[in-house]
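I have placed the structure first, in the form of structure tokens, so that the comments after it can refer back to it.
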Amino acid sequence: MDFPFLNELNDSQRRAVEYTDGASLVIAGAGSGKTRVLTYKIAYLLKTGMAPSSILALTFTNKAAREMKERIATMVGEKTARYLWMGTFHSIFSRILRSEAELIGYSKNYTIYDSADSKSLIKSIVKEMKLDDKTYKHGFVQSRISYAKNNLITPEAYLANTDLIKADNASRVPLTKDIYKIYCTRCKQADAMDFDDLLLQTNVLFKNNPTILQKYQQIFRYILVDEYQDTNFAQYLIVKKLAEQHEKICVVGDDAQSIYSFRGANIDNILQFKNTYHNAQIFKLERNYRSTQTIVNAANSLIDKNAQQIRKTVFSEKETGNPIKILSVFTDFEEGFIVANYISDLRFTSNYLCQDIAILYRTNAQSRVMEEALRKQSIPYRIYGGLSFYQRKEIKDVIAYCRLVCNPNDEEALKRIINFPARGIGDTTINKLIECAQLHAVSAWEVLTDMLKYNLPVNAGTANKLAQFRSMIDVFAEQISTQNAYDLANSIVKTSGVISDTFTDHSPESMSRQENVQELLKAIHEFCESKLVDGEPTALLSDFLSEVSLLTDQDTDKESDKDKVTLMTVHAAKGLEFKAVFIVGMEEELFPSPFCTQSERELEEERRLFYVAITRAEELCFISFAKSRFRNGKTNFSNPSRFIKDIDEQYLEMPPEAKPKQTRIGDWDDDLETERNRFQSSFSKPIFRGNNIPATPKRMVKLSNSGGDKITTENISIPIGVYVKHSVFGIGKVLETSIVNGNEKADIDFGEKGLKSLLLKFAKLEVLK
DNA sequence: AGACGCTCATTTTTT
DNA sequence: ATGAGCGTCT
């Protein structure tokens, strides 16, 4: 066949692409061209004559889907590529659910509740049930419900599941089952589905409607799934059902990169693939095109410590490269400073661009310090995660209006804006309204449509305010199918008064809110432009809403964000690659997360997470750990992560003081002064061959105890003779103070903990009166 | 009803 | 450090 693209693949990639007879599993090591195989395979299928609308390709993120679609478009043309069913599980099945909604008791315009909405709903339910919200923590209940849904356990099945009930009883939360039940009822009353519902309800749809299942089985002649290691049971079953007849399915993944079990992903899906699809062919992609040999080998030596895995030999034929540099620092602030220094150096002496560099961390909270350090050195950066555009208050407010207009039963949207801007409808009224709705088993909106019929116990004034609110929404709702999304959203913003306060108040916050709302309107406008029919923007507001709730901030890349250092969690970095990667906060109690050290299984997932982090790097990888870190309002002391020792030492460049064979990593409190010198000397060492780093780091940590810049013996901040408290050594008496290399030092007698010489800069001391 | 300011507890990862 | 929830004051 004439398909010249095949020549651009190596042998194993090519075999994986060309096999289209039955089920296949492609085990793709990190950087081995997994996406390449998927895109070429789809292009190949199209070349063999398969219609694009017969191909279903499921990805993990919108971004992955979009990029893949673009690449395919360049190979086979945009006109063909546009008809592919390509997207995330959530977006594809929300689309299918919309067209089949009536079959499962929802309407086409059902709302998608994001996790903030579910959380809020759970809170209200707990409150209404008069339960103690400290016992029934929303986080716990939410994860419990999510777990159940991901495993297709309905409230009825939950009741019947003795294990779950026992577990809840043992955890003293026996009423979780009831909350779950009510939660489902409420979602349905609100005509809303949460994220998990999109998968659960798809299963329900297929199970209860065999003809519908058949219909989609026939539509999807070939199914491809990316990141199969991260699928959960609900996703597994959807795919299995759809592929049941022909088993024309190809899944791609890497068990070594399975990092989402906390939200229900089941690594067994990929490990057991050949048991599900008996004639499955397995292809392994083992050549890594991304990273240097050192990085690949280091990552291999790490993942080798996991018992659960599909054995494979990932190798690189790129240059050997530099060892992974381990950076040992004192505090999180220093960590930021040093990383920023290295980044400056990479940029100015090695011609790295900011976009070539990423800082990866375990938790979002760590971004703060890094951010400050980068800002101080004027290094442009972009933080992913944290609160995204769509989580900003003003955006959520506008979207809530839109949601309510499209689906008046949406209780969470209603609660959000019924009194915003203030219109004299307070908590008391809202509670009455919801209580009344529950009493009659209808939505809150339904009560509003006929307050007399439902005997809503409010006075005439309040009733009037409610009626006004209702008619405002009604007016918008009437335009829902006649106005396009942009026009309607625009008039909602203008007339509802969501941002009217920003017109009188000219504070910077107000202006920024206003800008954000304009930004949102712009996005809606672009959405309409992208869906022109006969040159007319006909996209409806509900169309926009159905997409917007599944967007994340990674999907809103702006041109101005191009050449910037990337800051993100390791989770968010999956699938990406950078020339240089800094993995920071590699400490016990942080990475691995203390929540994940209970079982070997969880620990292995954390190790895989570290593996993912390392394998993002193409050329250079740095790993840092701090000896103390400011967390939750206080300083914690920490030891290097156990995972560092899992990497074969030959691929590492250890800091001079922490050669594990001589001194245990973590013995450090004996002599801070020499530590300080070592830390400085590590700067004069080249990062890698031939490049010298500027030797003197500038002072970056403000003295925790003094505001002055110059330190002299006169203004030293702790007087001799006072008693101080140290978070580790306890209470001690200051015997002597001095200045060493411009830093205040104190000799303190901690009694039985001994005599310590501490730099005030590092030791957070509290002076006792 | 609404605004303000206090105290309290809470800290993983996110389609 | 930060935010959410609560009580008090206007």
Side-chain angles (χ1 to χ4, degrees), chain A residues 58-65 87-94 112-116 118-120 123 127 133-134 137-140 142-143 146 149-150 193-199 226-227 230-232 234-235 258-265 332 360-369 372 384-388 390-391 393 419-431 458-459 461-462 465 547 549-555 568-575 585 589-598 602 605-606 608-610 612-613 629-636:
Chain A
L58 298 165
T59 61
F60 200 68
T61 62
N62 296 304
K63 198 176 163 200
T88 61
F89 272 91
H90 291 85
S91 70
I92 294 282
F93 294 109
S94 74
I112 298 174
Y113 273 177
D114 65 16
S115 35
S118 344
K119 179 174 131 185
S120 155
K123 270 188 185 165
K127 208 166 194 171
D133 58 2
K134 278 164 199 144
K137 293 192 187 118
H138 61 256
F140 170 82
Q142 198 174 12
S143 68
S146 178
K149 288 189 175 184
N150 285 158
M193 297 201 204
D194 64 17
F195 285 140
D196 301 319
D197 274 327
L198 296 176
L199 307 173
D226 190 15
E227 309 279 16
D230 286 323
T231 53
N232 60 34
Q235 291 166 324
S258 157
I259 54 173
Y260 279 107
S261 77
F262 69 91
R263 67 174 202 224
D332 42 354
L360 307 182
Y361 34 78
R362 178 65 237 264
T363 68
N364 277 125
Q366 291 164 259
S367 68
R368 203 53 181 264
V369 193
E372 262 166 45
Y384 291 80
L387 69 152
S388 74
Y390 291 103
Q391 287 169 338
K393 185 190 176 306
N419 198 31
F420 186 87
R423 43 176 80 84
I425 303 172
D427 288 345
T428 323
T429 309
I430 297 173
N431 287 338
V458 292
N459 61 39
T462 310
K465 289 170 188 161
E547 291 205 5
S549 35
L550 296 171
L551 287 182
T552 63
D553 66 337
Q554 300 219 19
D555 301 315
M568 52 167 58
T569 62
V570 183
H571 281 91
K574 197 181 66 162
E589 311 287 304
L590 186 59
F591 199 163
S593 157
F595 296 91
C596 303
T597 46
Q598 311 299 318
E602 286 172 309
E605 174 149 320
E606 291 283 301
R608 290 193 294 268
L609 192 58
F610 189 28
V612 168
R629 181 173 294 277
F630 198 66
R631 264 210 291 177
N632 309 335
K634 58 173 188 281
T635 305
N636 294 96

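Each chain gets a letter, A, B and so on, in the order its sequence line appears, and its residues count up from 1.
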Partners passing side-chain contact (heavy atoms from CB on, under 4.5 Å) against A:Val369 (at least two apart in sequence or in another chain): A:Asp332, A:Phe333
Phosphate contact (B:dT15 OP1 or OP2) by A:Asn150 side-chain N/O below 4.0 Å: no
Tabulate atom names and distances for all N/O pairs under 3.5 angstrom spanning the protein and nucleotides 5-8 of chain C.
residue : atom : partner  : partner atom : Å
C:dG5   : OP1  : A:Lys123 : NZ           : 2.7

Nucleotide B:dT13, atom C1' - distance to CG of A:Asn232 in whole Å: 15 Å
With sequence neighbours excluded, residues passing salt bridge (Lys or Arg N to Asp or Glu O under 4.0 Å) with A:Asp197: A:Lys149
Nearest to side-chain heavy atoms of A:Phe595, which nucleotide of B:dT14, B:dT12, B:dT15: B:dT12
Distance in angstrom units between A:Leu360 CG and B:dT14 P, rounded: 12 Å
Set of residues satisfying side-chain contact (heavy atoms from CB on, under 4.5 Å) with respect to A:Ser146, sequence neighbours excluded: A:Asn150, A:Asp196
Over 12 non-hydrogen atoms of neighbours within 6.0 angstrom of CG in A:Asp427: no
Nearest-angstrom distance, P atom, B:dT13 to C:dA4: 15 Å
Touch class at under 4.0 angstrom, heavy-atom based, for A:Arg362 against every strand present: base
Listed partners of A:Phe591 passing ring-ring contact (aromatic ring centres under 6.0 Å, His included), at least two apart: A:Phe610
Nucleotide B:dT12, atom C1' - distance to CZ of A:Arg608 in whole Å: 16 Å
Gap between atoms CG and C1', on A:Asp197 and B:dT15 respectively (whole Å): 14 Å
Salt bridge (Lys or Arg N to Asp or Glu O under 4.0 Å) against A:Arg608, all qualifying residues, sequence neighbours excluded: A:Glu605
Phosphate OP1/OP2 of B:dA1: any A:Thr429 side-chain N/O under 4.0 Å: yes
Of the listed nucleotides B:dT13, B:dT15, B:dT12, the one nearest the side chain of A:Phe262: B:dT13
Smallest separation among heavy atoms of A:Asp194 and A:Ser118, with atom names: CB-OG, 4.1 Å
Selection from B:dT15, B:dT14, B:dA1 that lies nearest to any side-chain heavy atom of A:Phe195: B:dT15
Point-to-point distance, once rounded to the nearest 0.5 Å, from CD of A:Glu372 to OG of A:Ser367: 10.0 Å
A:Tyr260 over B:dT14, stacked by centroid distance under 5.5 Å, angle under 30°: no
Distance below 4.0 Å between A:Thr569 side-chain N/O and B:dT14 OP1 or OP2: yes
Nearest-angstrom distance from the residue atom CG of A:Leu609 to P of B:dT12: 15 Å
Sugar-phosphate, base or nothing in reach of A:Phe89, heavy atoms under 4.0 Å: nothing
Touch class at under 4.0 angstrom, heavy-atom based, for A:Thr428 against every strand present: sugar-phosphate
Which residues share a salt bridge (Lys or Arg N to Asp or Glu O under 4.0 Å) with A:Lys393, sequence neighbours left out: A:Asp397
Gap between atoms CG and C1', on A:Asp194 and B:dT15 respectively (whole Å): 12 Å
Listed nucleotide nearest any side-chain atom of A:Asn632, set B:dT11, B:dT14, C:dA1: B:dT11
Partner residues of A:Ala265 under the side-chain contact (heavy atoms from CB on, under 4.5 Å) criterion, sequence neighbours left out: A:Asp230, A:Tyr260
Detail all sub-3.5 Å separations between protein N/O atoms and N/O atoms belonging to nucleotides 2-9 of chain B.
residue : atom : partner  : partner atom : Å
B:dG2   : OP1  : A:Asn419 : ND2          : 3.4
B:dG2   : OP1  : A:Gly424 : N            : 3.3
B:dG2   : OP2  : A:Asn419 : ND2          : 3.0

